[in-house]
Protein chains: 2
Amino acid sequence: MTDHSAHQASPPTGQLQCQGCSLCTHCLPLGLGPEELKRFAAIIDRPRPLKRGELLVRQGTPFTSLYVVRSGSFKQVVVDSGYREHVTHFLLPSEVAGLDAVGEAIHATSVVALESSFVCELPFTSLEALSDRLPALRGALYRCMSQELHRDQRLHCLLSFATAERRMASFLLDMSARHAERGYSPFGFQLAMSRADIGSFLGLALETVSRLMSRFQRRRLIAIEGREVSLLDLPALEALAEQGDTRR
Amino acid sequence: MTDHSAHQASPPTGQLQCQGCSLCTHCLPLGLGPEELKRFAAIIDRPRPLKRGELLVRQGTPFTSLYVVRSGSFKQVVVDSGYREHVTHFLLPSEVAGLDAVGEAIHATSVVALESSFVCELPFTSLEALSDRLPALRGALYRCMSQELHRDQRLHCLLSFATAERRMASFLLDMSARHAERGYSPFGFQLAMSRADIGSFLGLALETVSRLMSRFQRRRLIAIEGREVSLLDLPALEALAEQGDTRR
DNA sequence: CGGTCTTTTGACTAAATTCAATAGGCGTGG
DNA sequence: CCACGCCTATTGAATTTAGTCAAAAGACCG
């Protein structure tokens with residue numbers, strides 16, 4: 001999906017260079033100076049490649065580190081009290097996994113690779129120690145957490161109010177925007193997750209997801225080939241996501 | 001709803017005493033020693049009473065402070081891109097408003113009093129400065145933020161998966177549990193918000209909320225008198241919230 | 001090449017929304 | 001104190017959306 005060189009040969013342990021990383025302008029250490037960035041890079045350890053389906057974080061295990069997605073993608077899942085699995089987020093490169101466990105002892109979610117992926121591990125104690133001396137880093141951490149709260153709020157609005165069509169359109173636009181932010185094309189990308197995952201995330205049956213994709217394709221809003229999506233008519237999708245067929 | 005003495009006569013400015021506050025064991029400064037608590041209390045300023053409908057925080061205004069609910073209750077609302085209002089949370093005493101703006105310049109939500117209420121204002125710069133010297137306070141702040149992330153995740157599961165009946169049962173049980181945590185009865189409380197607010201929060205039409213309340217009452221699960229609710233059969237409600245009528 | 005998992009599509013069903021009309025509460029002002 | 005009006009809540013009937021069940025087609029892996 002992204003920087004394929006990254007997960008074919010791992011960089012030497014403890015020597016991940018943030019400067020060389022294409023994500024540097026969107027990643028957690030956003031806003032650090034070059035010297036600060038070097039100190040930040042120094043705490044990254046055990047760079048980890050993961051294969052499709054592998055767990056980066058297991059719900060219920062102790063919290064020790066945050067993980068930044070360097071390449072590939074992940075889903076964040078919660079197993080609820082009835083032992084059903086719910087997808088609560090999808091993570092793209094430069095996004096941070098584990099924030100919901102900061103300040104807690106235990107991870108409340110699992111994080112699963114959707115494809116061959118690569119993460120930078122940030123041991124939280126080191127991160128804390130470093131951010132004592134780098135206020136910008138602390139600020140970045142706060143920003144990440146509150147951004148996640150915002151995202152959850154937008155999602156709440158979507159799930160509690162929008163029709164299936166609006167949810168789907170919003171989802172596609174959100175993915176598009178996030179790809180664009182990271183320097184990829186907003187018009188075409190891989191959806192590494194299954195229809196069932198999308199359905200779980202959006203609160204729809206997987207059949208509904210499939211039907212909507214087909215409907216959008218018939219209307220020439222998108223083109224689909226398996227998990228590869230092209231957005232053909234962004235304005236129309238935006239119209240769907242905003243006004244589209246208002247309920248309530 | 002809670003400590004009525006508190007919002008009839010305001011305590012003297014700058015002299016809110018956390019020690020005297022009944023919420024002390026659930027509030028943000030949880031885990032501070034007596035000496036630390038005193039230093040914490042010293043940064044609380046401009047204690048503010050609010051009347052029903054008054055805005056504590058207005059979406060789009062600059063972030064300066066966190067607010068702890070001391071008495072009364074609030075709703076957190078987002079106005080989305082289509083200018084529709086969505087209730088994203090309800091705040092009870094000892095809960096913190098403004099966390100989604102930490103690390104941001106601007107509030108992304110409004111917070112509105114549901115009844116006569118009282119808040120402790122924590123100017124964020126003071127809080128930050130103090131938490132540099134009190135690691136326990138920083139930890140408490142992290143904990144608050146990640147707890148909010150957890151809550152959002154549970155909500156995501158509820159909204160994306162549960163039937164109207166399960167949502168309603170879960171909502172009532174959540175309110176009950178939160179009242180209980182704060183030393184009030186889990187079996188009876190005021191719902192200070194309107195049916196429309198509950199509907200907006202749960203992603204249901206207000207008519208559906210009303211119908212479900214009636215249905216629950218007919219089944220002797222609850223008793224309603226206006227906005228006063230009694231939970232008559234907690235186990236049955238829990239069964240509804242957990243298994244109740246499984247979809248998907 | 002066979003088997004399994006994922007996706008698509010159709011027909012039917014059920015749940016929740018919408019529209020509409022009524023009833024209940026609350027505060028204001030006569 | 002009662003009457004009026006406004007806002008909130010309740011209840012019913014019809015509609016619509018999305019879910020469930022089922023079957024077939026396609027993709028992927030060994």
Counting only side-chain heavy atoms from C-beta out, which of [options] sits nearest to [X]?
{"X": "A:Thr163", "options": "D:dT10, C:dA16, D:dA18", "value": "D:dA18"}
{"X": "A:Leu206", "options": "D:dA18, C:dA16, C:dT7", "value": "C:dT7"}
{"X": "B:Glu207", "options": "C:dA16, C:dT18, D:dC21", "value": "C:dT18"}

Side chain of A:Arg211, base of D:dT20: donor and acceptor closer than 3.5 Å?
->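 Donor-acceptor pair under 3.5 Å: yes.
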B:Phe189-B:Tyr184 aromatic ring centre distance below 6.0 Å =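 No - the distance between ring centres of B:Phe189 and B:Tyr184 does not fall below the 6.0 Å cut-off.
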Remember a base hit wins even if backbone is also touched, and classify B:Ser210 as base, sugar-phosphate or nothing at under 4.0 Å, heavy atoms.
->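 Base, at least one base heavy atom under 4.0 Å.
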Given [N], is OP1 or OP2 found less than 4.0 Å from the side-chain N or O atoms of [X]?
{"X": "B:Thr208", "N": "C:dT17", "result": "yes"}
{"X": "B:Arg227", "N": "D:dA9", "result": "yes"}
{"X": "A:Ser194", "N": "C:dC5", "result": "no"}

Please examine the side chains of B:Arg215 and B:Glu165, heavy atoms only from C-beta on, and report whether any two atoms are closer than 4.5 Å.
->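 A side-chain contact under 4.5 Å exists here.
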Side-chain heavy atoms of B:Cys144 within contact of B:Leu28, under 4.5 Å |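 Contact flag for B:Cys144/B:Leu28 side chains = yes.
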For nucleotides 24-30 of chain D, read 5' to 3', which letter fits each nucleotide if B means a protein heavy atom sits under 4.0 Å from the base, S means only the sugar-phosphate is that close, and - means neither?
-> -------
Can you tell me the distance, in whole Å, between the [atom1] atom of [X] and the [atom2] atom of [N]?
{"X": "B:Ile198", "N": "D:dT8", "atom1": "CD1", "atom2": "P", "result": "13 Å"}
{"X": "A:Leu212", "N": "C:dT7", "atom1": "CG", "atom2": "C1'", "result": "14 Å"}
{"X": "B:Met168", "N": "C:dA16", "atom1": "CE", "atom2": "P", "result": "13 Å"}
{"X": "B:Met213", "N": "D:dT11", "atom1": "CE", "atom2": "P", "result": "11 Å"}
{"X": "A:Ile224", "N": "C:dT9", "atom1": "CD1", "atom2": "C1'", "result": "13 Å"}
{"X": "B:Glu228", "N": "C:dG25", "atom1": "CD", "atom2": "C1'", "result": "16 Å"}
{"X": "B:Gln217", "N": "D:dT10", "atom1": "CD", "atom2": "P", "result": "9 Å"}
{"X": "A:Leu159", "N": "D:dT17", "atom1": "CG", "atom2": "C1'", "result": "16 Å"}

Using heavy atoms to find the nearest nucleotide of DNA chain C for B:Val209 and A:Gly226 separately, return the residue whose nucleotide is more 5′.
->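 Per heavy-atom nearest nucleotide, the more 5' residue is A:Gly226.
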When you check the gap from the basic side-chain N to the acidic O, do B:Glu148 and B:Arg151 get nearer than 4.0 Å?
->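 The answer is yes: the pair qualifies as a salt bridge.
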ring-ring contact (aromatic ring centres under 6.0 Å, His included) evaluation trace for B:His179 with B:Phe187 | CA-CA 9 Å; B:His179 276 86; B:Phe187 302 110; over 10 Å; no
Report yes or no: does B:Arg167 contribute a side-chain atom to a donor-acceptor pair with the main-chain N or O of B:Ala162 at less than 3.5 Å?
->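 Yes, B:Arg167 side chain to B:Ala162 backbone: donor-acceptor pair under 3.5 Å.
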Which class fits the ring pair A:His89 and B:His156: parallel under 30°, tilted 30 to 60°, perpendicular over 60°?
->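 Judged by the thresholds at 30° and 60°, the geometry between A:His89 and B:His156 is perpendicular.
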